[in-house]
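Note on naming: letters A, B, ... go to the chains in the order of the sequence lines (proteins, then strands), and numbering restarts at 1 for each one.
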Amino acid sequence: MSILEVQGLKKTYTTRLGGSRVEALKNVTFRVEEGEYVAIMGESGSGKTTLLNILAALDKPTGGVVKLDGREMGAIREAELAAFRREHLGFVFQDFNLLDTFSLEDNIFLPLVLAGERPEEMERRLRPIAKKLGIGEILKKYPYEVSGGQKQRAAVARALIIGPRLILADEPTGALDSRATDELLRLFGEINQGGQTILMVTHSVRAASHAGRVLFIRDGEVFHQLYRGAGSEMEQYQRITDTLTMLTTGGERR
Amino acid sequence: MKGGFYRRIAWSGMRKNGRLYVPFLLTCMGMVGMFYIVSFLCYSPMLGGMAGGTVMQMLLELGQWVIAAFAVLFLFYSHSFLLRRRKKEFGLYNILGMGKGNLALVLLWESVLTGLLALAGGLAGGIALAKFAELGMVFLLQARADYALSISVEAVWQTVRLFGVIFLLLFLDTIRQVRLANPMELLHSEAAGERPPRANWLLAVLGALILGAAYWLAVSVKEPLKAFLWFFVAVLLVIVATYLLFMAGSVVVCRLLQKRKRYYYQTRHFVSVSSMAYRMKRNGAGLASICILCTMVLVMLMSTVCLYVGTEDSLRTRYPRHLNLGVKVEEPGQLGRMERERALFEEALAARGLAAENVLDFRCASFEAFVDAASGEVMLDESEMHAFDLGTLADMWECCLVPVEDYNAMTGRNVILEPGEALLCTARTGYAGDQVSLSSGQSWRIRERVEDFEINGGDGALLTPSMYLFIGDFEEAVEPLLGLESGNGRPLVSLKWVYGMDVEAPEEEQARMAGEIRDGLARLKEEAEGEADGAGTRTRGWTFESVAEERLGFYSLYGGLFFLGVLLGIVFLFAAVLIMYYKQICEGYEDQARFGILQKVGMTRKEIRDSVNSQVLTVFFLPLLAAGVHLAFAFPMTRKLLALFNLGNTGLMIRVAVGCYLAFALFYVVVYRFTSRAYYGIVSGDH
């Protein structure tokens, strides 16, 4: 069974006075299987962020269905949504979204604290993750004291610590330099190898080339998809670039 | 056309920042209105024409300057909040191609609009309320007034002038700030990384110690005169300690809480505690200031309300009877011969068909002495006297020797004393010994302590402790004391005949009686001077006081203080809560991003709301709470200070203190509700 099932997803924004309507998502349908590493690519305005917000249950679709683990998200009551998000989804954002009033450790603990976990249990869970991500030494530091790459790794740790069914990453490499980007993508690869399902929205061909599958969105629809299969990252990189070129020059392949 | 453009931009800028501008405008209006009212009262011919009105107007003129000075400070302060929020907007205009000159024009329009609105609204409110204030004042002075509405042109002109200057200064300050900054700085003036607050244990502990010392000082001082001196020391210590505790102590507490993992890692505490550390680091000084401001307002309110409400008490303590006469003489033998003075009172009573009540009528020999209340030693003061050495003054007693016959006559008892025996009555301080011995050699065994004797008033009525000794052999006992001199060469002992009575007559009638008696006394004095030298009735002088005549003076002074106290209380209260409001709003914008993250990470809206509430609640009520504790500890000292104003009614003071605090808290709660709603609106992005 798929972890995530998106069917005929539609999102229409109406300007406040009801004048013009903008279709951010027309008809998006795809599935993500357990253990997959999927990247979603598209130009600015193609509806990527809207899609991610709906998957994160931060926004409601105008039409269509999103199922996580077979459970329809539209049917979850508002009051339970926050808890649902907390227990099933891990988030990694472009601008890290770490709270500057917390040390890295407390930032990572945040979802567990919200879930009412005991301090000992939180420590126990953190240790292996911190080791894997190489942030054991800087846990007591504050976000402003560490580099962008370190911040992003702390954010990944925060996403992982709840043991989510799905990690949603929004341009996770967007604010990182190339070394930190490589480092993060390597980590994502490792995490995925460990069985973690990841859905990543990105602009970056390099980031997307690490994923097992790339979905291309244009004008609110899934336009095309590419499986990496057994190919190397370099090959995948080339294929993504070709597809993007075709997309921008207006190809009509489906 | 071009002018219209700038005006429109200014106007829409103000409207879009309504959440910041409306409170600022209201503050301005409040200040303008308040100033106008006080100024109006200063010029009010009705008030000036009333008895006691001039004293009031003098006090008000003083208050007017306090309000003016405060308005300048406070408007600058709240305007700086406004400016900080709007710098980004100015930066944007700048980048979009508006020169600094154009920007200045927009700002000029904003200042003009703000000024006009504030003056119009404030004056309208002020004029509407000034009449009420005037009636209130008249009522305080216990007089009657007409109800015609009037506008004082002088007061309007003075208000316009003052606030015109203030708004001009605000405008110039804005220009200066905008000129100094470059566009990119203006755009980014809000975002800046911040270090986590460090817990400074040393300062926190120091603060706690100083506060403890100040509190100890406040409750341990016994004598009112000492209190006067130490009050300022204690106030200074409390101020220092409040700053230390709010700035360092609060962070230390947050850090301690964070160390307790079981407590810290709970949804309810996690976000609140760690944000509070930052909040306190940023706002500690501000909150401490507000706490001190609140305390001052409360103490001021309490004192002035007590003074006013307790006016009758003070009058009775200061003037023990409706009519009071004291005649000083040189020889004990003269004390008995006061028939002519007595006759004056009797004539005045008889002419109105009244009878004297609660008559005070006794001879006494009074002197000041150092009394060792434990051993019963009374050191007659023959050495150099330091009248202003407050520390020693506290052990200085007013001692009176009174013939026991006079005591018997007044109380209707029939006490017969053995030689060397005395009755003792003390006021203000207990006396432990069972005998009193003067350093000149005489001593009396105390046969009985009596309480049915009402102590004489006088200027020092409540200042110094006093002791009345009723003795059998008055003239014999007094004789050896007469030759003694105090340090400044004047006779130590003064012989006095004290006469006083209550009369059941209306105020005006009492005043007329007092006038007649005073005239009579003056006549007697002239006659006495005309008589041959050494004749029996020669006196050193007399003092005659009537409550009826003094009452108005008391009411105009205490009423004026009361009115000013309430007025300044309101002004400071407004200031305090507005500062809180602005602080919270500004923080709201800063916290917006933070709460966005929390929501993404999985905090429910309810949890966010709870966390917001607990933080705003703490920030808001911490100063009030601390002010309450300060007030409680200031109470004993305030009580002793009020004793200097002849007010000794503790029950009344407690009621007034509690009442003031509750009224204060109520207003506070209302503002808190508005603030937390506005704050939540901002952080949840609903605006």
Please look at A:Leu98 and chain B and tell me whether the side chain, the backbone, both or neither of the residue comes under 4.5 angstrom of a heavy atom of that chain.
backbone
Counting only heavy atoms not in B:Met247 (residues, nucleotides, ligands), do more than 12 fall under 6.0 Å from its CE?
no
Should B:Tyr21 and B:Glu110 be marked as a side-chain hydrogen bond (donor to acceptor under 3.5 Å, both in side chains) after you check the CA-CA gap, both sets of side-chain angles, and the distance that decides it?
CA-CA 11 Å; B:Tyr21 248 102; B:Glu110 279 193 15; 2.9 Å; yes
Please output the residues of residues 156-171 of chain A in contact with chain B, using a heavy-atom cutoff of under 4.5 Å, in numerical order.
A:Arg158
Would you mind checking if A:Arg124 and A:Glu120 are paired as a salt bridge, meaning a charged N to carboxylate O distance below 4.0 Å?
no
Look at the aromatic rings of A:Phe91 and A:Phe93 and report parallel, tilted or perpendicular, splitting at 30° and 60°.
parallel
In terms of heavy-atom proximity below 4.5 Å to chain B, should A:Glu117 be classed as side chain, backbone, both, or neither?
backbone
Does B:Tyr263 have any ring pair (Phe, Tyr, Trp, His ring centres under 6.0 Å) partners at least two apart in sequence or in another chain, and if so, which?
B:His269
Between A:Leu199 and A:Leu55, what is the shortest heavy-atom contact and its length?
CD2-CD1, 3.2 Å
At a heavy-atom separation under 4.5 Å, does A:Glu80 approach chain B through its side chain, its backbone, both, or neither?
neither
Under 6.0 Å between ring centres, would you say that holds for B:Phe270 and A:Phe102?
yes
I'd like to check the ring pair (Phe, Tyr, Trp, His ring centres under 6.0 Å) partners of B:Tyr672; sequence neighbours left out, ordered by chain and number.
B:Phe620, B:Phe621
Those residues that, when tested against A:Phe30, pass ring pair (Phe, Tyr, Trp, His ring centres under 6.0 Å) (two or more places apart)
none
Need one label for A:Phe84: side chain, backbone, both or neither, based on atoms under 4.5 Å from any heavy atom in chain B.
neither
Which answer fits A:Arg85, side chain, backbone, both or neither, if we ask what part of it has an atom under 4.5 Å from a heavy atom of chain B?
side chain
Most heavy-atom pairs under 4.5 angstrom with chain B, which of A:Leu99, A:Asp106, A:Leu81?
A:Asp106
